[in-house]
Amino acid sequence: MGKLHSTQVIGIVSGKGGVGKTTVSANLAVSLASQGKKVMVFDADLGLANAQLALGCRAKYNFSHVLSGEKTLQEIIIEGPMGVQLVPGSSGIQHMASLSISEAAGIIQSFEEIEDDLDYLIVDLAAGLSDSVMTFIGACQHRFVIVKDDPSSIADAYASIKVMIQDYQLNNISIITNCMPSSAEGNRLYQGIISVIQRFVGGEVGHLGTIREDEMVLRSIKASKPLLTFSPSSAAARDFEKLAKEVAKLTAKTSISGGLQFFLERLARQDITNK
Ligand SMILES: Nc1ncnc2c1ncn2[C@@H]1O[C@H](COP(=O)(O)OP(=O)(O)OP(=O)(O)O)[C@@H](O)[C@H]1O
Ligand SMILES: [Mg+2]
């Protein structure tokens, strides 16, 4: 197993949909990869398989084929830009929360086979706090909450953080402010949210950084290229590079045991205890 336990598993969450989870998952992955890390994105969104779009690649098979036994995990993984690997999602992911013990064991086994020196597994989650989303969030080591400066995104981010801390006793939660006019505005948004959290919830929630609003984000998707290669000098691309450095610093400090196998075992264990 060796390096298996050094993989950092990051869950990308938000209360509200459409705030940039997939954009952040894909571009953070590419930025970390460009800094020499080995990264895999796991598209655990139940809806459209848009991590493929954000990475500019197209998969023939997806996770439902693994769950149905038609394909192995290895067979569905595709390679995107900078060597970022992608586990394409499907609506079948929702069954992850209701797998039998032997099915879960099979998936753990298949992840063990593909993984040898992965630094990061970034899990792009669906919006909201359904049971299956919480199952994934709980199994990750780090939880990055994406928030935009609009009232419903702020309210939903706050509500999600409250649930994670109070109902699920989760830690290692960080905020990423997205679609901001400037990093100063991002800091201000974070300060506003954290002051409410400190007052009514308690617990530590850090700020990993701000991604500025940038039309190049949309243009790069239209061009089927990741932002970092499509427009490396754009504001958002530079913000993602900065974000990747902060993530590397944060995860270097993390001494929690874990890794990929731990993530999958926790997924399986929650499945058992949920019944
Ligand atoms: N920093 C940004 N600047 C400009 N546009 C952005 C930025 N971040 C995200 N977007 C755009 O906002 C839209 C929503 O982003 P994205 O799909 O990443 O959100 P999501 O949280 O994954 O949504 P869903 O909940 O539907 O999965 C996309 O069109 C994306 O291109
Ligand atoms: Mg998405």
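Keep in mind that what you see is a predicted model, and the values were worked out from it rather than measured.
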Is there a side-chain contact (heavy atoms from CB on, under 4.5 Å) between F42 and L125 once you walk through the steps? CA-CA 9 Å; F42 184 7; L125 289 152; over 6 Å; no
Starting from the C-alpha separation in whole Å, work towards a yes-or-no answer on side-chain contact (heavy atoms from CB on, under 4.5 Å) for S14 and V147. CA-CA 7 Å; S14 72; V147 62; over 6 Å; no
Trace of the side-chain contact (heavy atoms from CB on, under 4.5 Å) decision for V217 with T23: CA-CA 8 Å; V217 171; T23 302; 3.7 Å; yes
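Legend: residues meeting side-chain contact (heavy atoms from CB on, under 4.5 Å) with A29, ordered by chain and number and at least two apart, are V39, V41, V84, I122. Partners of S31 under the side-chain hydrogen bond (donor to acceptor under 3.5 Å, both in side chains) rule, at least two apart in sequence or in another chain, do not exist in this structure. For E204, there are no side-chain contact (heavy atoms from CB on, under 4.5 Å) partners, not counting sequence neighbours. For E70, the side-chain hydrogen bond (donor to acceptor under 3.5 Å, both in side chains) partners are S68, not counting sequence neighbours. Residues forming a side-chain hydrogen bond (donor to acceptor under 3.5 Å, both in side chains) with E75 (at least two apart in sequence, or on another chain): T72. Residues that satisfy the ring pair (Phe, Tyr, Trp, His ring centres under 6.0 Å) test with Y190, not counting sequence neighbours, are H207. Annotation: side-chain hydrogen bond (donor to acceptor under 3.5 Å, both in side chains) contacts of E185 (sequence neighbours excluded): R188. Residues passing the side-chain contact (heavy atoms from CB on, under 4.5 Å) test with D124, sequence neighbours excluded: K21, T22, S25, D43, N50, A51.
Identified under the salt bridge (charged side-chain N to carboxylate O under 4.0 Å, His left out) test for residues 207-221, with sequence neighbours left out: R212-D239, E215-R219.
Hydrophobic clustering (side-chain heavy atoms under 4.5 Å, transitive across Ile, Leu, Val, Met, Phe, Trp, Tyr) keeps V24 apart from L218.
Listed here is the closest heavy atom pair of S34 and M82: CB-SD, 3.7 Å. Considering all non-hydrogen atoms of both residues, L28 and F240 come closest at N-CD2, 4.0 Å. Scanning all heavy atoms of the two residues, the minimum distance from F200 to Q166 falls at O-NE2, 3.6 Å. Across every non-hydrogen atom of G203 and I197, the tightest pair is O-CG2, 4.4 Å. Between Q85 and L118 the shortest heavy-atom distance is OE1-CD1, 4.2 Å. Nearest approach of P88 to A59, heavy atoms of both residues: CG-CB, 3.4 Å.
Cation-pi geometry between K71 and Y61 is satisfied (NZ or CZ under 6.0 Å from the ring centre, within 45° of the ring normal).
To the nearest 0.5 Å, the span separating CD on Q191 from CD on Q198 amounts to 8.0 Å. To the nearest 0.5 Å, atom CG of residue L32 and atom CG of residue N27 are 11.0 Å apart. Taking CD of E241 as the start and CZ of R238 as the end, the distance is 9.0 Å to the nearest 0.5 Å. In this structure, Q52 CD and L86 CG are separated by 6.0 Å, a value rounded to the nearest 0.5 Å. The CE atom of M180 lies 6.5 Å from the OG1 atom of T210; values are rounded to the nearest 0.5 Å.
Looking only at side-chain heavy atoms (C-beta outward), V9 and H142 stay at 4.5 Å or farther from each other. Between V13 and I146 there is no side-chain heavy-atom pair separated by less than 4.5 Å. Contact of the I12 side chain with the V123 side chain is not registered, since no non-hydrogen atoms from C-beta on lie closer than 4.5 Å. When side chains are defined from C-beta on, Y168 does not count as touching I137, because their heavy atoms never get closer than 4.5 Å. Counting heavy atoms from C-beta outward, T251 and Y120 have side chains that approach closer than 4.5 Å. Residues T7 and D119 form no side-chain contact, since every pair of their non-hydrogen atoms from C-beta on lies 4.5 Å or further apart. Looking at C179 and D149, their side chains never come closer than 4.5 Å, going by heavy atoms from C-beta outward. Two residues are said to be in side-chain contact when any heavy atoms from C-beta on lie closer than 4.5 Å; L243 and I176 meet this criterion.
Judged by distance alone, the side chain of Q8 and the main-chain N or O of V247 form no donor-acceptor pair under 3.5 Å. Checking side-chain atoms of T177 against main-chain N and O of G209 turns up a donor-acceptor pair under 3.5 Å.
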Atom pairs and distances, side-chain donor-acceptor, residues 153-165, under 3.5 Å, sequence neighbours left out:
| unit_1 | atom_1 | unit_2 | atom_2 | d |
| --- | --- | --- | --- | --- |
| S153 | OG | K148 | N | 2.9 |
| S153 | OG | K148 | O | 3.3 |
| S160 | OG | D156 | O | 2.7 |

Donor-acceptor list for residues 222-233 side chains, cut-off 3.5 Å, not counting sequence neighbours:
| unit_1 | atom_1 | unit_2 | atom_2 | d |
| --- | --- | --- | --- | --- |
| T229 | OG1 | P226 | O | 3.1 |

